[in-house]
**Q** 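The following block contains the structure, expressed as structure tokens.
In listed order, ligands and their atoms are each counted from 1.
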Amino acid sequence: MISIERARKLILSECEPLPAETLPLSAVLGRVLCSPAVADVDIPPFDNSAMDGYAVRAADTVGALPGSPVSLRIVDTIAAGRVGTVEVMPGCAAKIMTGAPMPRGADAVVESEATREATGAVEVVRTVARRENVRPKGEDSAVGSVVLDEGHVLGPAEIGVLASIGRREVRVFGRPSVSILATGSELVEPGSPLAPGQIRNSNSYTAEAQCRELGLEPARLGIARDDYQVTVDLMRSGLSGDILITSGGVSVGEFDFVKQAQDDLGVQRRLWRVAMKPGKPLSFGVFERPDGRRCLVFGVPGNPAAAMVSFELFIRPAVLRMMGRQAVARPEQRAVLAQDESPTADWVRVVRMHVSRDAGLLMAYSTGAQGSGRLRSMVGANALAFVPPGRRLLAGEEVAVLVLGEDLAEV
Ligand code: AMP
Ligand code: MG
């Protein structure tokens, strides 16, 4: 049995960024750039006004005050998108809108608020400095400069930058195709009535949603009843993608066929069992396809909280690495335990926590009963805490928690 950290390292050592693909700008949110993006024009491409106002010669405004304004003759009106044709000579001004190109002759913009318009003229009531309210050509990005490095994760701002340099398509690392298979003869899909002894399949849906949060479009392969051949056949169909996730059937029960099916399908097991609770019976292996690509095969335990925690700790980092991300870890935070947490003798307990701010302190509250089968222990969990084997953690103690989703700084 190996530690959580070693298991994660081992899994990541098998993860390579997927081959690049070219996608339209609207489809790259969350993807990773696989070559630097270079500006092919200056951004902005020309000197332009930062304000609605008047383009002037700064020297003309020297000494202007509300009580003794400078009057300038209006020679043009320049809307955004239009290039003014009249040169601004001494004693003159051009009415100008935000984003419109600076006209020849003018070297500053005085904002409308510091002017009074008279017929055919404008009265300026303050001195403006040269270049004031002028956004110089290339101030955001100069032509030829790298605006985003390779490896950059594309969020809304990055996508906007790519649009501003004229990119319609972007080359990004691929995203893994994922198949999800539930195993268990007791399982039925939501929507079907329960016969005696049956429960609903929830793992496929939590795993699907966890994948979707990462921008994936996973396929649910349904439910394999606890039958060796059925398990083999359904698992085989999942090996054509980049990741296969099975849940259940990976422990030591008499009807647990997942490991045997992995072996017989040619999946090379890299690990089985991690020293943690929930999630101990995790298995992980690699399937080399005849086409030279590989499918990573995760067998997560059937208990719903165990399945979710396993995804969070192991599958999520693997997915992100395959999408080209270097940083794949969730952020850590220090928080004060609101209650004692008892250890197990041999395994790290992974406790689902709700962290909230209480009198200025980040407090970690257990989400409630923590049995591996208690799916609701994940509801409202925004952090995971780790109780080392054999050491009781005490209320009031500060511990490191792994932050899930929302930023605790905002709590
Ligand atoms: P297993 O890992 O197959 O021994 O299953 C452990 C526990 O998780 C059992 O109580 C199963 O009924 C339950 N379980 C297994 N698969 C699922 C699933 N897809 N959805 C909800 N519960 C499940
Ligand atoms: Mg089972």
**Q** Out of Q210, E189, R200, which residue meets the side chain to side chain donor-acceptor pair (under 3.5 Å) rule with Y205?
**A** E189
**Q** Would you check if the side chain of T183 reaches a backbone N or O of G248 as a donor-acceptor pair within less than 3.5 Å?
**A** yes
**Q** Should D107 and R131 count as an ion pair when the cut-off is N to O under 4.0 Å?
**A** no
**Q** Looking only at the side chains, is there a donor atom on one of T367 and R352 sitting less than 3.5 Å from an acceptor on the other?
**A** no
**Q** Using distance alone, with no hydrogens and no angle criterion, decide if Q262 and S283 have a side-chain donor and acceptor under 3.5 Å apart.
**A** yes
**Q** I'd like a table of the close N/O pairs between ligand 1 and the protein (anything under 3.5 Å), one pair per line with both atom names and the distance.
**A**
unit_1: ligand 1; atom_1: 2 (O); unit_2: G302; atom_2: N; d: 2.9
unit_1: ligand 1; atom_1: 3 (O); unit_2: G249; atom_2: N; d: 2.8
unit_1: ligand 1; atom_1: 8 (O); unit_2: G302; atom_2: O; d: 3.2
unit_1: ligand 1; atom_1: 8 (O); unit_2: N303; atom_2: N; d: 3.2
unit_1: ligand 1; atom_1: 12 (O); unit_2: E186; atom_2: OE2; d: 2.5
unit_1: ligand 1; atom_1: 14 (N); unit_2: G302; atom_2: O; d: 3.3
unit_1: ligand 1; atom_1: 19 (N); unit_2: N201; atom_2: OD1; d: 2.9
unit_1: ligand 1; atom_1: 19 (N); unit_2: N203; atom_2: ND2; d: 3.4
unit_1: ligand 1; atom_1: 20 (N); unit_2: S202; atom_2: N; d: 3.0
unit_1: ligand 1; atom_1: 20 (N); unit_2: N203; atom_2: N; d: 3.4

**Q** Enumerate the residue pairs fulfilling ring-ring contact (aromatic ring centres under 6.0 Å, His included) with a member in residues 284-322, sequence neighbours excluded, ordered by first and then second residue.
**A** F284-F298
